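To start, the structure under review is shown below, and the notes come after it.
Everything quoted here is computed from the prediction, not taken from an experiment. Just so it is clear: chains get the letters A, B, ... in the order the sequence lines come, proteins before strands, and each one is counted from 1.
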Amino acid sequence: MTDVADLPDDLPAVRTALIEWYEADHREFPWRETTDPYPILVSEIMSQQTQLGRVEEAWAAFLDTWPTVAALAEADRADVVGFWTDHSLGYNNRAKYLHESARQIVEEFDGEWPTSPEGLQELMGVGPYTANAVASFAFDNGDAVVDTNVKRVLYRAFDVPDDDGVFEATASELLPAGESRVWNNAIMELGGVACGKTPRCDEAGCPWRAWCHAYEVGDFTAPDVPTQPSFEGSRRQFRGRVVRTLGEYDELALDDLGPRIRVDYAPDGEYGREWLRGLVDDLADDGLLAVRADGDSSERDADGDERVLVSLRR
DNA sequence: ATCCCGCTAG
DNA sequence: CTAGCGGGAT
C-alpha cells in the first residue's frame, strides 16, 4: 500500500467545498460542454504543455476540419501535422499521436471508445493523465488526475510530500467516488485560477483556506518542476522550423531546406548537410517526415552523394 | 527567463 | 529511470 498523506478528518466537507466553489463559478471552455470523447481527447492532447487560452481557437478549427474520429483517421498525417504547426501548438509529435489514436479507435476498437482509464491508455499518446481526464470528462468514469496543477494544490494544501506515488494515492483518496467528472474539473480549476504559481487565495475565494497548510503558515512553495533547457538555438527549435517549412512545400532537397531554417546554413559547414540530415532522420524516425533518395541519379551533390528529398509524411 | 491540464522511447 | 520534444505568453 502506497503512502497516503494525512488529509483533514472531515473529507466530505473538503470535497463539498471544492465542488460548490467550482459549480458556483468557473471558466467556460467549449470542451466542458460535451461528453463526446473525441472532442475531449482533442482538447486534452492539445492542452498538454500548452496554455488553455491558446487551445480554444485551434480546438474549434480542428473539429471543423475533422469533425469525427473517423474523419481524422482518414486524414493524411501531413495535414494533421501541418495543422498543428499552423496553429503553433508545439510538440508536433502530439499531432501524430492524435492521428494514430483516431486510427486505433476506428481499426482496433471498431469505432467503440474504451470507457476506462486502462482501456484509454491503449491509445497512442494517452498516458495516465490523459486517460483519467477522458474517462472522467466523457464517461464520468475516471480516477483522480494528477498533473502539475494537482500536485501543487496537494503539496500546498495538505503538505503532501513531493513524490509521485504519494501524490497519486492522495489524489485518489480525495476523489469522491463516482464523481470524477466534476471533481477533476474542479481540482484542476483550483490549480489554474486560485492556486497557481502565484497563489490568489482570497481573490479567487479558495474553498480550502480553512484546511490549507500553506495558507496557514504563509509558505506557498510549489514542487520543483524540471526546467527545460533554453529553447532559443535548441534542436527543438530547428525541428520546428523544418516541419513548418515543409508544410509550405511538397518536397525539398536538403540544400534547399537548410537555408530556410537557418541563415548560417552551409552544406559543408558545422551546421550543414550532415547536421540537417541527422535532424531530418530523427523527424522521420518520429513518423513526422518522409525521407527519400532522388530517383534521378543525375542529381547528385558536390560530394557525389545521391540527393535526398524530404517532405511531410502522408 | 519561466511557465504551460505529459508522453514515448531508450 | 531520464532525455527529448515547440512555441506563444508573461
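One donor-acceptor pair, N or O on each side, does fall under 3.5 Å between the base of dC4(B) and the side chain of Gln51(A). Interface remark: the Ser47(A) side chain does not form any donor-acceptor pair with the dG6(B) base, using a distance-only criterion of under 3.5 Å.
Ile45(A) comes within 4.0 angstrom of no nucleic acid atom, judged by non-hydrogen atoms across all strands. Counting non-hydrogen atoms under 4.0 angstrom, Pro229(A) reaches nothing in the nucleic acid. Within the 4.0 angstrom heavy-atom criterion, no nucleotide atom of any strand lies near Ser234(A). If you check every strand for non-hydrogen atoms under 4.0 Å, Val126(A) touches sugar and phosphate atoms only. Residue Asp286(A) is out of contact with every strand shown, counting any heavy-atom pair closer than 4.0 Å.
Figure legend: Arg32(A) and Phe137(A) shown without cation-pi pairing, the cationic atom not lying both under 6.0 angstrom from the six-membered ring centre and within 45 degrees of its axis. Remark: Arg235(A) is not positioned above the aromatic ring of Trp275(A), lacking an NZ or CZ atom under 6.0 angstrom from the ring centre and at most 45 degrees off the axis.
Under 4.0 angstrom from either OP1 or OP2 of dG8(C) there lies at least one side-chain N or O belonging to Ser88(A). Proximity of Ser230(A) to the phosphate of dA1(B): no side-chain N or O atom is located under 4.0 Å from OP1 or OP2. Phosphate proximity of dC5(C) to Arg235(A): present, with a side-chain N or O under 4.0 Å from OP1 or OP2.
Nucleotide dG8(C) holds its P atom 11 Å from the CD atom of Glu232(A), rounded to whole Å. Distance CG (Asn93(A)) to P (dG6(B)): 16 Å, rounded to an integer number of Å. Residue Arg236(A) contributes atom CZ, which lies 15 Å from atom P of dG6(B) at whole-angstrom precision. Distance, Tyr97(A) OH to dC5(C) P: 11 Å, rounded to whole Å. Atom CD in Glu57(A) sits roughly 11 Å away from atom C1' in dG8(C) (whole-Å rounding). The CG atom of Leu52(A) sits 13 Å away from the C1' atom of dC3(B) (whole-angstrom rounding). Atoms CZ (Phe231(A)) and C1' (dA9(C)) sit 14 Å apart, rounded to a whole Å. Residue Tyr91(A) contributes atom OH, which lies 9 Å from atom C1' of dC4(B) at whole-angstrom precision.
Nearest nucleotide to the Arg152(A) side chain, out of dG6(C), dT8(B), dC4(B): dC4(B). For Arg54(A), the side-chain atoms get nearest to dG7(C) when compared with the rest of dG6(B), dG7(C), dT8(B). In this structure, of dG8(C), dG6(B), dT8(B), it is dG6(B) that holds the atom nearest to the side chain of Gln48(A). Comparing dG8(C), dC3(B), dG6(B) by their closest approach to the side chain of Asp147(A) singles out dG6(B). The side chain of Arg244(A) sits closest to dG7(C) out of dG7(C), dT2(B), dG6(B).
With hydrogens and angles ignored, the 3.5 Å screen pairs a side-chain donor or acceptor of Arg156(A) with a backbone N or O of Phe220(A). Within the 3.5 Å criterion, the main-chain N or O of Ala171(A) finds no donor-acceptor partner in the side chain of Asp143(A). With hydrogens and angles disregarded, a donor-acceptor distance shorter than 3.5 Å links the side chain of Ser47(A) to the backbone of Ser43(A).
Of the residues near DNA chain B, Thr148(A) and Lys197(A), the one whose nearest nucleotide (by heavy atom distance) lies more toward the 5' end is Lys197(A).
Comparing the same atom, P, in dG6(C) and in dA9(B) gives a spacing of 14 Å after rounding to whole Å.
A 6.0 Å sphere centred on CD of Glu168(A) holds no more than 12 heavy atoms belonging to other residues, nucleotides or ligands.
dG6(C): no Watson-Crick or G-U partner with both key distances under 3.5 Å is found in any strand.
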